[in-house]
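Side chains included, hydrogens not; waters and symmetry mates left out as well; all remaining heavy atoms used.
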Amino acid sequence: MSALAVLFDLDGTLTDSRAGITACIRHALVRLGRACPDDDALAAYIGPPLRGTFSTLLGTSDPELIETALAHYRARYDDVGLYENRVYDGVPAMLEDTARRARAMFVATAKPLHAASRIVTHFELARHFVSVHGAEPGGRFDAKADLLAHLVATGVIRAETSVMVGDRGSDISAARINGIRSIGAGWGYGESRELADAGADLLCEHPRALAACLGRLAD
């Protein structure tokens with residue numbers, strides 16, 4: 001077993017949450033009487049913080065309007081959307097294999113902590129992780145870089161012995177900002193170019209490839 005602590009993003013890395021997230025964004029925009037892009041366009045917003053997503057989709061920086069959109073989104077998401085989800089093929093085996101190689105495993109997501117914890121529990125993934133970490137009310141830790149900085153500052157992880165596994169450039173750049181190595185999850189929503197441009201140390205195209213990637217970083 002290596003000394004690595006492995007941090008996993010949630011949406012697009014452990015689970016395919018496209019159906020639930022796009023439906024909830026659409027629900028929020030419809031409630032506000034706004035036009036909505038198609039599902040393929042909406043999928044590009046999976047991963048980054050929702051406040052930024054609604055600011056872009058609504059063409060506004062008005063915090064009241066953004067918070068109203070978030071409230072509509074979360075009303076549907078907390079009831080229905082978080083279950084419109086599936087664990088990627090190969091992820092359970094990937095987690096079993098990683099557990100044999102890593103010192104500890106964590107979830108680190110921009111999704112609100114209460115929702116992330118419910119998803120991890122509902123889809124029977126919780127046993128793999130020491131703890132789940134996510135955004136807090138009011139926008140604290142919406143930015144993945146802030147969340148990772150907090151985990152380092154509070155001693156949950158050590159930057160030099162940690163690896164972030166995520167499917168979006170924001171996961172990779174957050175890790176780099178905090179001196180953490182990173183692996184791009186090529187099976188998720190981000191393009192390979194996005195992950196490479198953000199500075200991923202390695203790119204894995206399928207969950208079954210992660211063990212080999214971790215082995216290369218641990219050498």
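Taking a 6.0 Å sphere around CD of Glu194, one finds it holds more than 12 heavy atoms contributed by other residues, nucleotides or ligands. More than 12 heavy atoms of other residues, nucleotides or ligands sit less than 6.0 Å from atom CZ of Arg118. More than 12 heavy atoms of other shown residues, nucleotides or ligands fall within 6.0 angstrom of atom CD in Glu160.
Members clustered with Ile180: Leu7, Phe106, Val130, Leu148, Leu151, Val152, Val156, Ile157, Met164, by chain and number, using a 4.5 Å side-chain heavy-atom cutoff among hydrophobic residues.
Nearest approach of Ser55 to Ile66, heavy atoms of both residues: CB-CD1, 3.8 Å. Shown here for Leu210 and Phe8, the closest heavy-atom pair between the two residues is CD2-CE2, 3.6 Å. A pairwise comparison of heavy atoms in Arg76 and Ala23 identifies NH1-CB, 3.6 Å as the closest pair.
The side-chain heavy atoms of Thr56 and Tyr45, taken from C-beta on, include a pair separated by under 4.5 Å. Arg216 places a side-chain heavy atom less than 4.5 Å from the side chain of Leu202. Between Pro112 and Glu136, every side-chain heavy-atom pair lies at or beyond the 4.5 Å cut-off. Taking the side chain as every heavy atom from C-beta outward, Leu203 and Ser192 approach each other to under 4.5 Å. Within the 4.5 Å cutoff, side-chain heavy atoms of Leu65 are placed close to those of Arg34. With contacts defined as side-chain heavy-atom distances shorter than 4.5 Å, the pair Asn178/Arg176 does not qualify. Val165 places none of its side-chain heavy atoms less than 4.5 Å from the side chain of Ser182. A heavy-atom distance below 4.5 Å is not found between the side chains of Asp97 and Met94.
At least one donor-acceptor pair closer than 3.5 Å links the side chain of Trp187 to the backbone N or O of Thr13.
With rounding to the nearest 0.5 angstrom, the CG atom of Leu217 is 6.0 Å from the CG atom of Asp201. The CG atom of Leu4 sits 11.0 Å away from atom CZ of Arg101, with the distance rounded to the nearest 0.5 Å. Note: Leu50 CG to Ile21 CD1 = 7.0 Å, rounded to the nearest 0.5 Å. Rounded to the nearest 0.5 angstrom, Leu42 CG and Thr22 OG1 are separated by 6.0 Å.
Legend: residues meeting ring pair (Phe, Tyr, Trp, His ring centres under 6.0 Å) with Tyr77, ordered by chain and number and at least two apart, are Tyr73. Judged as a side chain to side chain donor-acceptor pair (under 3.5 Å), and not counting sequence neighbours, the contacts of Asn85 are Thr15.
Side chains of Tyr189 and Asp11: no donor on one and acceptor on the other come within 3.5 Å.
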Exercise answer: donor-acceptor pairs, residues 24-32 side-chain atoms, under 3.5 Å, sequence neighbours excluded:
from  : atom 1 : to    : atom 2 : distance (Å)
Arg26 : NH2    : Pro37 : O      : 3.1
Arg26 : NH2    : Asp39 : OD1    : 2.9

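Applying the disulfide bond (SG atoms under 2.5 Å apart) test to residues at least two apart or on different chains, the pairs with a partner in residues 133-214 are Cys204-Cys213. For residues 125-177, the pairs satisfying ring pair (Phe, Tyr, Trp, His ring centres under 6.0 Å) are Phe141-His150, with sequence neighbours left out.
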Check your understanding: Should Asp9 and Arg168 be marked as a salt bridge (charged side-chain N to carboxylate O under 4.0 Å, His left out) after you check the CA-CA gap, both sets of side-chain angles, and the distance that decides it?
Key -> CA-CA 9 Å; Asp9 177 48; Arg168 298 307 304 264; over 6 Å; no
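Between Asp40 and Arg18 there is a salt bridge, with a side-chain nitrogen of the basic residue lying less than 4.0 Å from a carboxylate oxygen of the acidic one. Here Arg86 pairs with Asp16 in a salt bridge; the nearest charged N to carboxylate O distance falls below 4.0 Å. Classification of Arg74 and Asp78 as a salt-bridged pair fails, no side-chain N sitting under 4.0 Å from a carboxylate O.
Leu113 and Ile46 fall within a single hydrophobic cluster, where Ile, Leu, Val, Met, Phe, Trp and Tyr are joined by side-chain heavy atoms under 4.5 Å apart, directly or via other members.
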